[in-house]
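Please read the structure below before turning to the comments.
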Amino acid sequence: MIKRHEFHKPNRALQLYAAFFMGLLYIPILFIPLFSFSSGLYIRFPIEGWTFQWYAQLFERTAVLRALENSVRVAGSVAVVSTLLGIFAAKALVRYRIPGKGPILGFILLPLVVPPIIFGVALLLMVSTLGIPLSLYTIAAGHIIICLPFAIATLLPRFEGYDAAMEEAAADLGENGWYVFWRVTVPIILPGIVASLLLTFTVSFDEFVMAFFLGGNDLTLPLYVWGQLRIPRAFPVVLALGTLILLFSFALVFLGLKINKRGSIKIMDRE
Amino acid sequence: MSDETMIALRNVGKRFGTFRAVHEASFNIRRGEFFSILGASGSGKTTLLRILAGFEAATEGEVHIDGAPMDAVPPHMRPVNMVFQNYAIFPHLNVRDNIGFGLRKLKLDKAERARRIDEMLELIKLPGFGDRQADQLSGGQRQRVALARALILRPKVLLLDEPLGALDKQLREQMQMELRALQRSVGITFVLVTHDQEEAMALSDRVAVMAEGRVLQIDPPAGLYERPVSRRVASFVGSMNFLTGRVLSEDGGISHIRIAEMASARLPTSQLAGAGRTPCLAIRPERIAIHAKPPAGQGLPGVLKDRVYLGERTQYLVETGAVDAPLVVSVPNTAADAALQTSGAQVWLSWDDAALIPMTEN
Ligand SMILES: Nc1ncnc2c1ncn2[C@@H]1O[C@H](COP(=O)(O)OP(=O)(O)OP(=O)(O)O)[C@@H](O)[C@H]1O
Ligand SMILES: [Mg+2]
């Protein structure tokens, strides 16, 4: 056997730390799927029996389906709009000599660290001063603010990863700005676009605080869950719903990361 | 403007802020010519080429291509195509689609499109490579695809930015031959940028030498080698010795010039216009003869410092006291003198006055 270099030896302490960290992060979350299959009404051990009935009940509730539809509509449009805006912002940041690029970038990424509650209150103030009625549209507007930094952060490396001469070559071969974008820029950054769509969709789909402040009578899924928490008998159904949302969100984020990573490896290979 | 002119530049300048990357460039490039722009790194070659392609707007002066002013013409409307320094092959398309990229606007039917692409694949000697992905090509193959992609549009001018820079020496020499043959066969005006003087000399009908944003001299390769106008051009093209002379007298169109203590020269006064009273005279290493004994006519004495064997010729370094730097003398090995083996030996140098090139510009 080939002796491994010291540097690449597995580090026991680091492995323990990673295991501990993952445990801390995910064990509490695992309670949700676990108890969603429990036949008892209350969260307690030992578990009395196993059942699928909460899942069956879930799909009989039209309110759930309506909230789901609302969430998909909001998240879908938020994903499309923030990814589009993200494409233009990332392109401008990478391609053009903009004075004060650093501060601008910091400003754009700010919503990642500002508590959503602050943004929620601020937007609510603005919306009510302007007399705009609260609705799914106001929720979507709030979500675009939150999602834009995610879109830009996903797309920036894509634009940095390829040579601007590609676009010049396309222009040189007779294509105007729009066709250069469509025939060269979009195909090259496509993995980033897909990843951004998936990521922003998930962020919007799961978002609660902004939706809470900016929502009208139409509920999104997280708002519906919040509402149901006050009814003890509904709790197992909420757990079933939570399990499905968790699975769905994980799947989307993993898919997005995978597509984005594969895309960057491919681009690096070519250089 | 004559019908012969393909590209005309009039006082073209480019500033980036206060920095002048290109300075008062005024020259014509002829129809069907292979024209090279030669210069060291940072001399403004790429900037000039990008002005022709339309990617940079000149801050001064004007550019005409085939008689039409280019000021307001964006890159995608210009009758020129470019081969980029790193080729810029589209990574998401295969070879066929790369080559056919510019055909969209011609609205050809499928068969005609395929025929034209096949024709180009034939021309660049890559038939059967059409379905390769861009990342499955070698450097030389990428270079050919970049050429085909530009030539398929039958431009009036093809711009090439150091197209052979990324290739190894052997491949580069082979591609030089192919590029020259290609240019002859398609008859398109080529404008090539390079920092490799041998490449510029081997390929071009005429070469423009650039330094610090200025065009110093434009001439055919032989003219550039045999009659450089300034020290900077002379030292850029091949190797060169520089001597300082003093004009002693003028008589019947012939100037008598003294070089150091022991040597003098007679040159036509007309050649010395602009060179001043203490002209700088350049001479190629191969135009100096070296002797172990004093020659019959005049000879500049010196001491042999070093001797470098270079295969087909030998290069001698001779300290003369006439100039600060030792003079370089190059002798074909068929004529090498056995008496010139030891360094420190006393030698004499001589030349034909016609080999002296007065530097008429700074
Ligand atoms: N966009 C720009 N902004 C500011 N300065 C620039 C820009 N492009 C080029 N320059 C400057 O202009 C000068 C000429 O650049 P250019 O690229 O034309 O050189 P070059 O002769 O092609 O050199 P090389 O052989 O290294 O490619 C350089 O000093 C460069 O720093
Ligand atoms: Mg350059």
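Chain identifiers are assigned alphabetically (A, B, ...) following the order of the sequence lines, protein sequences preceding nucleic acid strands; residue numbering begins at 1 within each chain.
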Original post:
Can you tell me how far the CE atom of A/Met166 sits from the OH atom of B/Tyr87, to the nearest 0.5 Å?
Top reply: 13.0 Å

Subject >> B/Arg115 atom CZ, neighbour heavy-atom count above 12 within 6.0 Å >> reply: yes

**OP:** Flag yes if more than 12 heavy atoms outside B/Phe129 fall under 6.0 Å of its CZ atom; otherwise flag no.
**Re:** yes

Original post:
Is the side chain of B/Asn81 donor-acceptor paired with the backbone N or O of A/Asp172 at a distance under 3.5 Å, no angle test?
Top reply: yes

Subject >> Residues which pass ring-ring contact (aromatic ring centres under 6.0 Å, His included) with A/Phe248, listed by chain and number, not counting sequence neighbours >> reply: A/Phe205

Original post:
Taking all non-hydrogen atoms of both residues, which atom of A/Ala171 and which atom of B/Phe55 are closest, and how far apart?
Top reply: CB-CE2, 4.4 Å

Subject >> More than 12 heavy atoms from other groups under 6.0 Å of CD on B/Glu212 >> reply: no

**OP:** Identify the two heavy atoms, one from A/Asn176 and one from B/His76, that lie closest to each other, and give their separation to 0.1 Å.
**Re:** CB-NE2, 3.6 Å

Subject >> Min side-chain heavy-atom separation A/Arg183-B/Phe101 under 4.5 Å >> reply: yes

Subject >> Pairwise distance OH(A/Tyr179) to CZ(B/Arg104) - rounded to 0.5 angstrom >> reply: 4.0 Å

**OP:** Hey, could you give me the CG/CD1 distance between B/Leu93 and A/Ile188, rounded to the nearest 0.5 Å?
**Re:** 8.5 Å

Original post:
For B/His92 and A/Pro187, which heavy atoms make the closest approach, and how far apart are they?
Top reply: CD2-CB, 3.3 Å

Subject >> 4.5 Å side-chain heavy-atom contact, A/Glu168 and B/Met82 >> reply: no

Original post:
Heavy-atom count around A/Phe254 CZ within 6.0 Å, excluding the residue itself: above 12?
Top reply: no

**OP:** Answer yes or no: does atom NE2 of B/His195 have more than 12 heavy-atom neighbours from other residues, nucleotides or ligands under 6.0 Å?
**Re:** no

Subject >> Over all atoms of both residues, closest heavy-atom pair of B/Ala150 and A/Leu173 >> reply: CA-CD2, 4.3 Å

**OP:** Heavy-atom distances under 4.5 Å only: say whether B/Arg78 touches chain A with side chain, backbone, both or neither.
**Re:** neither

**OP:** Would you please name every residue forming a side-chain contact (heavy atoms from CB on, under 4.5 Å) with A/Phe107, sequence neighbours left out?
**Re:** none

Original post:
Quick one: what part of B/Leu159 sits under 4.5 Å from any heavy atom of chain A, side chain, backbone, both or neither?
Top reply: neither

**OP:** Answer with side chain, backbone, both or neither: which region of A/Ala164 has an atom nearer than 4.5 Å to a non-hydrogen atom of chain B?
**Re:** neither

